[in-house]
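Numbering of residues begins at 1 and proceeds along the displayed sequence. Numbering of ligands and ligand atoms starts at 1, following listing order. Scope of the values below: all heavy atoms of this structure, side chains included, with no hydrogens, waters or symmetry mates.
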Amino acid sequence: AAAETNTSTAQKDGDKKITMGFAQVGAESGWRTANTKSIQEAAKEAGVELKFSDAQQKQENQIKAIRSYIAQKVDVIAFSPVVESGWETVLKEAKDAGIPVILTDRAVDVKDTSLYVSFIGSDFVEEGRKAGKWLVDKAKDTKEPMNIVELQGTTGSAPAIDRKQGFEEVIKENANLKIVKSQTGDFTRTKGKEVMEAFLKSSKSENKPIHVVYAHNDDMALGAIQAIEEFGLKPGKDILIISVDGIKDAFVAMKDGKINVVVECNPLLGPQLMQAAKDVVAGKSLPKRIVTKEGVFPQETAEKELPNRKY
Ligand code: GZL
């Protein structure tokens, strides 16, 4: 009989077990927890061997993790850069070692974009614009100034820089809309609450009311809600709350009338990342930029949408 082409034992290139080194930002927020879960589950599903590290939001820890993946000669490295700058050296080391790098979630600011194969993540400027558009529509009939306080994400991170840019670009349409205070809450509930407490205290001493909170993520918005309630005001009523991410807790808060609108930022990037890794190891070319799809959820949609939320 003709020689059997027994492919079950032959390792076809496409079936080679891929080893991926993933350097995660940390575990700072509900969004991040869901992002990690998506990556770990998708790796299992795709048969990718995943080496995973949590950098506790420190760039030097992410760089150390990437260096260890290079030393272990993984097939592909992926990470979500905690801040935009300071990556050239370690990305060059990965390139010199012939290991492709895929960016997920956040971008890096490098001149030489050959240092990474693709960036899979949201358009944060557009998320900021969506937040701004909701407020411009909400404020279209008010004649009074509306004082906005902004809880920024991690200083120097792509989402913090871009969400600020997109929001400011749109609210310029209405001179009544002014950001009167802006400070980082580092994407965490604790810091979001602390900064909001300080904003409320100074608004009282300066006798300058706060009308709107623009939080770069739900965790800081939820911290701010605690501070506003402890201050004796009603979040969502006395002070409008605009947030980004769309974690379940934010939908519950919207259902309770405490958040007015959430701009979705999809953390479930795992499946797209694993497919990209397989393609790059199989020698296929990838688009430089893969944008995740996401929507906007005003308070009135919360009850209906809540059961559909996956994170
Ligand atoms: C956005 C992501 C941000 C989330 C925060 O893609 O990088 O980091 O908005 C998370 O919740 O901490």
Side-chain angles (χ1 to χ4, degrees), residues 22-39 54-59 61-62 78-85 87 102-109 116 118-131 150-167 183-193 195-196 213-225 241-251 253 259 261-273 289-297 309-311:
F22 191 91
Q24 181 59 291
V25 168
E28 72 282 1
S29 64
W31 190 97
R32 187 65 56 198
T33 310
N35 179 246
T36 291
K37 196 160 158 271
S38 171
I39 289 159
D54 169 337
Q56 285 97 37
Q57 289 188 285
K58 290 184 177 57
Q59 180 172 31
N61 291 345
Q62 280 194 302
F79 75 115
S80 165
V82 59
V83 291
E84 286 189 340
S85 55
W87 300 100
I102 300 172
L103 300 180
T104 69
D105 167 27
R106 299 183 185 177
V108 293
D109 181 11
Y116 62 88
S118 181
F119 164 41
I120 305 171
S122 306
D123 180 340
F124 301 131
V125 178
E126 190 49 33
E127 291 171 351
R129 289 194 193 102
K130 289 173 184 173
E150 181 181 30
L151 294 170
Q152 293 184 36
T154 302
T155 306
S157 70
I161 293 165
D162 294 353
R163 284 173 187 162
K164 181 174 192 48
Q165 178 194 322
F167 185 75
Q183 199 176 323
T184 182
D186 211 17
F187 282 133
T188 68
R189 287 188 201 202
T190 320
K191 293 224 182 91
K193 182 179 180 192
V195 174
M196 192 64 213
V213 175
Y214 171 44
H216 288 185
N217 85 327
D218 295 338
D219 289 76
M220 294 189 292
L222 293 163
I225 284 169
I241 313 274
I242 303 171
S243 186
V244 187
D245 274 355
I247 63 171
K248 249 189 214 100
D249 288 352
F251 275 81
I259 291 182
V261 61
V262 167
V263 175
E264 186 182 33
C265 177
N266 184 354
L268 309 180
L269 308 174
Q272 280 174 292
L273 170 60
R289 181 77 176 87
I290 302 170
V291 183
T292 30
K293 293 187 183 36
E294 44 212 25
V296 184
F297 295 90
R309 301 308 295 171
K310 299 191 194 71
Y311 60 93

Purely on distance, is any nitrogen or oxygen of [X] under 3.5 Å from one on ligand 1?
X	answer
D219	no
H216	no
R163	yes

### Task
Go through the steps to decide whether Y116 and F79 satisfy the test side-chain contact (heavy atoms from CB on, under 4.5 Å), and finish with yes or no.
CA-CA 11 Å; Y116 62 88; F79 75 115; over 6 Å; no
Considering the heavy atoms of [X], write down every atom of ligand 1 situated less than 4.0 Å from one of them.
X	result
E28	8 (O), 10 (C), 12 (O)
S29	5 (C), 10 (C), 11 (O), 12 (O)
D105	1 (C), 2 (C), 6 (O), 7 (O)
C265	1 (C), 6 (O)
P159	7 (O)
N217	5 (C), 9 (O), 11 (O)
F124	1 (C), 6 (O)

### Message
Could you check whether F167 and Y214 have their ring centres less than 6.0 Å apart?
### Response
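They qualify: ring centres under 6.0 Å apart.
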### Query
Any Lys/Arg nitrogen of R189 or D218 sitting under 4.0 Å from an Asp/Glu carboxylate oxygen of the other?
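No, R189 and D218 are not salt-bridged.
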### Query
What residues, two or more places apart in sequence or in another chain, satisfy ring-ring contact (aromatic ring centres under 6.0 Å, His included) together with F124?
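Not a single residue meets the ring-ring contact (aromatic ring centres under 6.0 Å, His included) criterion with F124.
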### Query
Yes or no on salt bridge (Lys or Arg N to Asp or Glu O under 4.0 Å) for K130 and E127, after CA distance, side-chain angles and deciding distance?
CA-CA 5 Å; K130 289 173 184 173; E127 291 171 351; over 6 Å; no
### Query
So is S122 close enough to ligand 1, meaning a heavy atom under 4.0 angstrom away?
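S122: no contact with ligand 1 (<4.0 Å).
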### Query
Going through the checks in order, is the salt bridge (Lys or Arg N to Asp or Glu O under 4.0 Å) test met by D105 and R32?
CA-CA 10 Å; D105 167 27; R32 187 65 56 198; 2.8 Å; yes
### Task
Look at atom 11 (O) of ligand 1 and say which protein heavy atom is nearest, naming residue and atom and giving the distance to 0.1 Å.
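Answer, as residue, atom name and distance: D245 OD2, 2.6 Å.
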### Task
Looking only at protein heavy atoms, identify the closest one to atom 8 (O) of ligand 1 and say how far it is in Å.
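Ranked first by proximity to atom 8 (O) of ligand 1 is R106 NH2, 2.8 Å.
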### Task
Taking all non-hydrogen atoms of both residues into account, name the closest pair between R106 and V82 and its distance.
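Nearest heavy atoms, R106 then V82: NH1-O, 2.9 Å.
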### Task
Check the pair E150 / R163 against salt bridge (Lys or Arg N to Asp or Glu O under 4.0 Å), numbers first and verdict last.
CA-CA 11 Å; E150 181 181 30; R163 284 173 187 162; over 6 Å; no
### Query
In Å, rounded to the nearest 0.5 Å, how long is the span from OG of S243 to CZ of F297?
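Answer rounded to 0.5 Å: 13.0 Å.
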